[in-house]
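Okay, structure first, notes after.
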Amino acid sequence: MKIATWNVNSLTARLQHVLDWLIANPVDVLCLQELKMSDDKFPLDVLKSAGYEAAVFGQKTYNGVAILSLAPMRDVARNIGGFTDDQSRVIAATVEAPAGPLRIVNGYFVNGQAPGTDKFEYKMGWLRALREWLHAEMAAHPNLVLLGDFNIAPEDRDSFDPVGLAETIHHTTEEREHFKALLQLGLVDSFRLFEQPEKSFSWWDYRMLGYQKNRGLRIDHILVSEPLVPRAKGCIIDRVPRKWEKPSDHAPVVLDLDQGV
DNA sequence: ATGACTGGTCGAACCAGA
């Protein structure tokens, strides 16, 4: 089965791209971020016609996340348990897969703007709360996938300019420590389980020909809990829709998960 | 050095993204 994540930068602007991409890539689960729409605007019907159930946690103008799934979902949870947040950034659901239930946790992590700002402090508090909540979530759900737009480039090789951008947003030691702390919970960065091209990125700035010059960052990730590691068959970044007209600035990331034995 | 693009909200220039 395949599980994907894609920050679409407005589902209103990108609905046709999502539908076109799903026809070419009929993944079992697609996690979306930055819907930029309230729940009542969510295109449930058209996605249903495409074969997908949806669990939605929208927000007007900013943020907003959703899980699309071919199989029914249950136990849908919104935002980080025990953490009060007026921004819609996390949705979780359990998907019944052939090899047993999978807990899907879809996050649109805080951007954080720049170290020293209020937004950066919000990012740090948010990441701390996420980790604490995930600790319990993983105990309850051994087969767990944490995926989405992390807004963290975990290592220097995940940035087009690690020296020039050292200790700037997405590259700070503090953010990277938070990423490592997620791994220490028992999660594995599935992309790095496999050999990958150098300069693999999932986001490119719209400005200054960012994509054409491959000036990007790898900030969209799919982490899997340890029991799922032997089932991971591949993880790729699909740059194709980034070349379409009026693209999202992010590309989808796709994990191929074996059915298991 | 700062700007650059893009989407949303408006109903003109913002904010926010990364």
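Here is how names work: the chains are called A, B, and so on, in the same order as the sequence lines, proteins then strands, and each is numbered from 1.
Residue contacts shown for A/Lys41 are absent, as no nucleic acid heavy atom lies under 4.0 Å away. Using a 4.0 Å heavy-atom cutoff across all strands shown, A/Arg14 reaches sugar-phosphate atoms only and no base atom. No contact: A/Thr168 has no heavy atom under 4.0 Å from any strand. Heavy atoms of A/Asp149 sit under 4.0 angstrom from primed sugar atoms or phosphate atoms, though from no base atom. If you check every strand for non-hydrogen atoms under 4.0 Å, A/Asn7 touches sugar and phosphate atoms only.
Take A/Tyr211 and apply the ring pair (Phe, Tyr, Trp, His ring centres under 6.0 Å) test, not counting sequence neighbours, and it matches A/Trp204. By the ring pair (Phe, Tyr, Trp, His ring centres under 6.0 Å) test, A/His171 is found to be paired with no residue, residues two or more places apart in sequence or in another chain being considered. With sequence neighbours excluded, the residues that form a side chain to side chain contact (heavy atoms under 4.5 Å, CB included) with A/Val76 are A/Ala55, A/Arg78, A/Ile91, A/Ala93. A/Asp256 pairs by the salt bridge (Lys or Arg N to Asp or Glu O under 4.0 Å) definition with nothing, not counting sequence neighbours. Partners of A/His17 by ring pair (Phe, Tyr, Trp, His ring centres under 6.0 Å), not counting sequence neighbours, listed by chain and number: A/Trp244. Residues satisfying the salt bridge (Lys or Arg N to Asp or Glu O under 4.0 Å) test with A/Glu155, not counting sequence neighbours, are A/Arg157.
Remark: the A/Trp21 side chain and the A/Asp238 side chain contain an N/O donor-acceptor pair separated by less than 3.5 Å.
Contact check for A/Leu22 versus A/Val27: side-chain heavy atoms found under the 4.5 Å cut-off.
Using a 4.0 Å cutoff to heavy atoms of chain A, the contacted part of DNA chain B runs 5' to 3' from B/dA4 to B/dA18.
The two residues A/Leu165 and A/Ser159 have their closest heavy-atom pair at CD1-OG, 4.0 Å.
Looking at which nucleotide of DNA chain B each of A/Tyr108 and A/Leu11 is closest to, the 5′-most match is held by A/Leu11.
Near-neighbour residues of DNA chain B inside residues 202-213 of chain A, defined by a heavy atom below 4.0 Å, number-ordered: A/Trp203, A/Tyr206, A/Arg207, A/Met208. DNA chain B lies under 4.0 Å from at least one heavy atom of each of the following residues of residues 239-255 of chain A: A/Lys246, A/His250.
The P atoms of B/dC10 and B/dC14 are separated by 16 Å, rounded to the nearest whole Å. Across B/dA13 and B/dA1, the matching P atoms stand 30 Å from one another, rounded to whole Å. Here the separation of B/dC15 from B/dA4, taken at their P atoms, is 14 Å to the nearest Å. Comparing the same atom, C1', in B/dA18 and in B/dA12 gives a spacing of 26 Å after rounding to whole Å.
When each of A/Asn79, A/Asp149, A/Ile80 is checked for a side chain to side chain contact (heavy atoms under 4.5 Å, CB included) with A/Arg89, only A/Asn79 meets the rule. Of the residues listed (A/Leu185, A/Leu146, A/Leu144), the one engaging A/Leu223 in a side chain to side chain contact (heavy atoms under 4.5 Å, CB included) is A/Leu146, and it is the only one.
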Under 3.5 Å, which donor-acceptor pairs link side chains of residues 104-111 of chain A to any protein atom two or more places apart or in another chain?
{"residue": "A/Asn106", "atom": "OD1", "partner": "A/Gln33", "partner atom": "NE2", "Å": "2.8"}
{"residue": "A/Asn106", "atom": "ND2", "partner": "A/Leu32", "partner atom": "O", "Å": "3.1"}
{"residue": "A/Asn106", "atom": "ND2", "partner": "A/Ala66", "partner atom": "O", "Å": "2.9"}
{"residue": "A/Tyr108", "atom": "OH", "partner": "A/Glu34", "partner atom": "OE2", "Å": "3.4"}
{"residue": "A/Asn111", "atom": "OD1", "partner": "A/Gln113", "partner atom": "N", "Å": "2.8"}

Residues 132-141 of chain A, side-chain donor-acceptor partners within the protein, below 3.5 Å, at least two apart:
{"residue": "A/Glu137", "atom": "OE2", "partner": "A/Arg103", "partner atom": "NE", "Å": "2.7"}
{"residue": "A/Glu137", "atom": "OE2", "partner": "A/Arg103", "partner atom": "NH2", "Å": "3.1"}

Note, DNA chain B 5' to 3' with Watson-Crick or G-U pairs under 3.5 Å encoded as ( ), [ ], | and . gives ....(((((...))))).
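Classification of A/Glu96 and A/Arg74 as a salt-bridged pair holds, one side-chain N sitting under 4.0 Å from a carboxylate O.
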